[in-house]
Amino acid sequence: ILPECTFPDSPDMTLEDEILLQNSRFYEAFEQKNLDGLDEVWSHKDHCTCIHPGWNVLTGWKEIRQSWERIFTNEMVTKFSLRNVRTKVLNDIAIVLLEEEVTFVAGPLSQTRSIIATNIFEHEAGTWRMTPHHGSPLSRMNTGEGEEDPNRFRYN
């Protein structure tokens, strides 16, 4: 899950590396169905929002955490491969845009879907905390030459 970056305590760690590391922690907690991990990644402020693909907007940490509890009761295994990760830091706000290739496994059956996601982090009390997460199904546009253009997205 972790894109190429240095690890904590490295003197070469950049601000973007810190953001990508925190973003990775979100996906690791999701894969491991680790609510404590999500508690550490997410801000607990009232203005937090989450939009799971196909869901309505969830507002506030309490409502968002309840959604993760519901998701984690599913016995399906979820694995992520992150692609086209782009990061922008603006003072105390960081934006991560990426494509999630998500594989869902339930017994002998599996399905892979592509999701376009926006994760926004705010710098709070010395660390970066996720404030909104928004995931939507992704359709790729074809270049016309039999290959998909990874830099062109359209929303369903």
Side-chain angles (χ1 to χ4, degrees), residues 1-10 12-138 150 153 155:
I1 291 175
L2 189 61
E4 268 186 53
C5 69
T6 54
F7 290 91
D9 303 324
S10 167
D12 298 328
M13 187 170 217
T14 67
L15 204 51
E16 286 79 10
D17 291 338
E18 288 180 36
I19 302 305
L20 291 174
L21 183 60
Q22 194 71 337
N23 193 66
S24 302
R25 289 178 175 142
F26 166 69
Y27 288 101
E28 288 168 3
F30 191 156
E31 282 187 350
Q32 297 167 6
K33 298 182 179 185
N34 180 350
L35 283 170
D36 291 337
L38 289 179
D39 278 333
E40 292 177 19
V41 171
W42 277 86
S43 173
H44 296 189
K45 293 185 177 177
D46 291 338
H47 69 273
C48 293
T49 59
C50 183
I51 305 172
H52 300 294
W55 291 40
N56 289 323
V57 178
L58 304 170
T59 304
W61 174 240
K62 182 179 177 183
E63 188 175 18
I64 293 167
R65 191 178 198 284
Q66 288 172 347
S67 77
W68 291 112
E69 289 172 352
R70 286 182 29 210
I71 290 169
F72 291 169
T73 62
N74 189 322
E75 293 184 21
M76 197 170 356
V77 174
T78 306
K79 294 291 179 188
F80 288 91
S81 176
L82 307 181
R83 295 189 291 206
N84 299 322
V85 179
R86 298 180 186 129
T87 305
K88 180 72 176 175
V89 180
L90 305 164
N91 299 318
D92 287 343
I93 303 289
I95 303 164
V96 181
L97 301 173
L98 62 129
E99 180 184 343
E100 306 168 350
E101 184 178 272
V102 190
T103 301
F104 303 98
V105 180
L109 304 174
S110 70
Q111 178 184 27
T112 300
R113 296 176 55 202
S114 291
I115 308 283
I116 190 79
T118 303
N119 298 325
I120 298 179
F121 296 85
E122 290 183 31
H123 199 254
E124 299 179 359
T127 192
W128 292 95
R129 302 279 183 186
M130 185 175 282
T131 51
H133 165 74
H134 179 187
S136 296
L138 174 69
F153 299 118
Y155 294 93

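In what follows, residues are counted from 1 in the order of the sequence shown.
- In this structure, CH2 in W61 is found 5.0 Å from NE2 in H44, a value given to the nearest 0.5 Å.
- Using the six-membered ring where Trp is involved, H52 and W55 have ring planes that are perpendicular, over 60° apart on the 30 and 60° scheme.
- Partners of K62 by salt bridge (charged side-chain N to carboxylate O under 4.0 Å, His left out), not counting sequence neighbours: none found.
- For the pair Q22 (side chain) and W128 (backbone), a donor-acceptor distance under 3.5 Å is present.
- Side-chain contact between N119 and I19: absent, with no pair of heavy atoms (C-beta onward) separated by less than 4.5 Å.
- Interatomic distance, Q66 CD to L35 CG, rounded to the nearest 0.5 Å: 11.0 Å.
- The main-chain N or O of N91 is never found under 3.5 Å from a side-chain atom of H123 such that the two would form a donor-acceptor pair.
- Two residues are said to be in side-chain contact when any heavy atoms from C-beta on lie closer than 4.5 Å; I95 and T87 fail this criterion.
- A pairwise comparison of heavy atoms in P53 and S136 identifies CG-N, 4.4 Å as the closest pair.
- Considering D39, L38, L58 as possible partners of W68, the one that fulfils the side-chain contact (heavy atoms from CB on, under 4.5 Å) test is L38.
- Distance alone, capped at 3.5 Å, places no donor-acceptor pair between the N23 side chain and the L20 backbone.
- In terms of heavy-atom proximity, T78 sits nearest to E31 at O-CG, 3.3 Å.
- A pairwise comparison of heavy atoms in C50 and W42 identifies CB-CH2, 3.9 Å as the closest pair.
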Dump the intermediate steps for side-chain contact (heavy atoms from CB on, under 4.5 Å) on E99 and I115, then the final yes or no.
CA-CA 6 Å; E99 180 184 343; I115 308 283; over 6 Å; no

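- Atom OG in S24 sits 10.0 Å away from atom CG in D17 (nearest 0.5 Å).
- Annotation: the span from I116 atom CD1 to L98 atom CG amounts to 7.0 Å, rounded to 0.5 Å.
- In the model, H47 has no side-chain atom that pairs as donor or acceptor with a side-chain atom of T131 under 3.5 Å.
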Given the rule in the side-chain contact (heavy atoms from CB on, under 4.5 Å) test, do Q111 and R113 qualify, once you have shown the distances and angles that lead to the verdict?
CA-CA 7 Å; Q111 178 184 27; R113 296 176 55 202; 4.3 Å; yes

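- Taken from CD in E100 to CG in N84, the straight-line distance is 12.0 Å, to the nearest 0.5 Å.
- In this structure, M76 and V105 approach most closely via the heavy-atom pair CG-O, 3.2 Å.
- Nearest heavy-atom pair, V41 versus R25, reported as atom, atom and distance to 0.1 Å: CG2-CB, 3.8 Å.
- Of all non-hydrogen atoms in C48 and M130, the two that sit nearest each other are SG-O, 4.2 Å.
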side-chain contact (heavy atoms from CB on, under 4.5 Å), that's the test. Do T112 and F104 meet it? Break it down for me.
CA-CA 6 Å; T112 300; F104 303 98; over 6 Å; no

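- Rounded to the nearest 0.5 angstrom, E18 CD and F121 CZ are separated by 12.0 Å.
- Classification of the F26-H133 ring pair by plane angle, with boundaries at 30° and 60°, yields tilted.
- Judged by distance alone, the side chains of E124 and S43 do bring a donor and an acceptor atom under 3.5 Å apart.
- Qualifying side-chain hydrogen bond (donor to acceptor under 3.5 Å, both in side chains) partners for T59, counting only residues two or more places apart in sequence or in other chains: none.
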